[in-house]
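First the structure, in the form of structure tokens, and then the observations on it.
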Amino acid sequence: MSDLEEILINKKVCKSVWFMRQAGRYLPEFREIRSQNKDFIQLCLNSDLSSEITLQPIKRFNLDSAIIFSDILMVPYALGQKVEFIKDHGPKLEEFKIENFLNNNKNKFSQKLQPVYKAIKNTREKLEKEKSLIAFIGAPWTLLIYMLGSKIGKNQVDYEILKKKEFEVNLILDNLHDYLCLHIENQIAAGANVVQIFDSWAGLITPENLQDYCYIPNLKLVDFCKNKKIPVICFPKGISENYKEFNNLVKPNGLNLDYDINPIWAKENLKNVVLQGGLSPNALLSSEKEIFKRAEKYLDTFKKSPYVFNLGHGLLPETDPVKVEKLIKFYREY
Ligand code: CP3
């Protein structure tokens, strides 16, 4: 069993570090490959290169876990919605059409994502056995935000539109659940050891809607993982003190703190769960002294508990890899 699994399943208190978005953007060796591969989706579908990119941060920093180089938007892509990444602008999805969405089947979906599974298999073979290979998915709500785009509001979610479309929205969320389970199952079959569920846009949900759009969809996925005996980490970013209610209802093995959550509050309120991360990725843009000081706050708070060192969101593109290396060293010597 890898150390991350030992921590998540057996609540072992030991050191373990990995970073969200550790593979990509801020690494010159990634940018080199990226500059020759203009189509991001095709890059994710290149098994050899995805495996190589997954291992880049492991080679450079000897991190304890690898996260497969892919994207949460590979799921809408595999469900037939065109996905493009516009430079300095982020993802752009083709207009959502319910008739296309409903015209999918499990075989077609798995077939389209076969290269991702092959990359997982290749990577698992190359990775030392104490290291976990982390698979991931976007939570249904977060995928819905990208898939419906301006159909549910321009810069924020328009709940009037959402209510009017309630039947369609629920149909999409239910269907997504089934495909996400299949994607989890396929990634595990290929050799991944742990699953992380990114609900990056959970913070857009109003408190009275959290149950329907965040807790229940996450709970269903967590239960699926638990039935398969796969440790699962949730990341309901931006829901502030509702992290407590989330944890009590969803009961994942691990919970990634976002940078707004006070670690002392977390320690007091988030029970029976392994906490991960929390440190703001912005901290890495400051001086070494400041980085260590801010990291220490998390390490001091969680020193007697099973805790996975990570961040409160992904590493930023402008992060200096040298500082990442120094932070890892600081953590290991702490
Ligand atoms: O963590 C890793 O290193 C593994 C790979 C990974 C990527 N995306 C690669 C990627 C993971 C785990 C993700 C998750 C992801 N993708 C999330 C959830 C985490 C979060 O950040 O909240 C979300 C919301 C997405 C959607 C997405 N993909 C966006 C908004 C963008 C564009 C802006 C950005 O974040 O870079 C992407 C593109 C993307 N995904 C890149 C990488 C390395 C950058 C691609 C490029 O070089 O242009």
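The chain is numbered in sequence order, starting from 1. Remember, it's 1-based here, ligands and their atoms both numbered in the order they're listed.
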Sorted by chain and number, sequence neighbours left out, ring pair (Phe, Tyr, Trp, His ring centres under 6.0 Å) with F224 holds for none
With sequence neighbours excluded, residues passing side chain to side chain donor-acceptor pair (under 3.5 Å) with Q111: none
Answer yes or no: is there an ion pair linking R60 with E29, defined by an N-O contact shorter than 4.0 Å? yes
Residues Y259 and K237: side-chain donor-acceptor under 3.5 angstrom: yes
Compute whether any side-chain donor of one residue and acceptor of the other, for Y215 and E245, lie under 3.5 angstrom apart. yes
Taking a 3.5 Å cut-off between nitrogen or oxygen atoms, can you list every pair linking ligand 1 to the protein, with distances?
from     : atom 1 : to   : atom 2 : distance (Å)
ligand 1 : 1 (O)  : R21  : N      : 2.8
ligand 1 : 3 (O)  : Q22  : N      : 3.2
ligand 1 : 3 (O)  : A23  : N      : 2.8
ligand 1 : 3 (O)  : A23  : O      : 3.0
ligand 1 : 8 (N)  : R21  : NE     : 3.3
ligand 1 : 8 (N)  : D71  : OD1    : 3.0
ligand 1 : 16 (N) : R21  : NH2    : 3.4
ligand 1 : 16 (N) : D71  : OD1    : 3.1
ligand 1 : 16 (N) : D71  : OD2    : 3.3
ligand 1 : 21 (O) : R21  : NH2    : 3.2
ligand 1 : 21 (O) : H313 : NE2    : 3.2
ligand 1 : 22 (O) : S200 : OG     : 2.6
ligand 1 : 22 (O) : H313 : NE2    : 2.7
ligand 1 : 28 (N) : D71  : OD1    : 2.7
ligand 1 : 28 (N) : D71  : OD2    : 3.4
ligand 1 : 35 (O) : R21  : NH1    : 2.9
ligand 1 : 35 (O) : R21  : NH2    : 3.2
ligand 1 : 35 (O) : R25  : NH1    : 2.8
ligand 1 : 36 (O) : R25  : NH1    : 3.1
ligand 1 : 40 (N) : D71  : OD1    : 2.6
ligand 1 : 47 (O) : R34  : NE     : 2.7
ligand 1 : 48 (O) : R34  : NE     : 3.4
ligand 1 : 48 (O) : R34  : NH2    : 3.0

Taking only residues two or more places apart in sequence, or in another chain, which ones meet D48 in a salt bridge (charged side-chain N to carboxylate O under 4.0 Å, His left out)? none
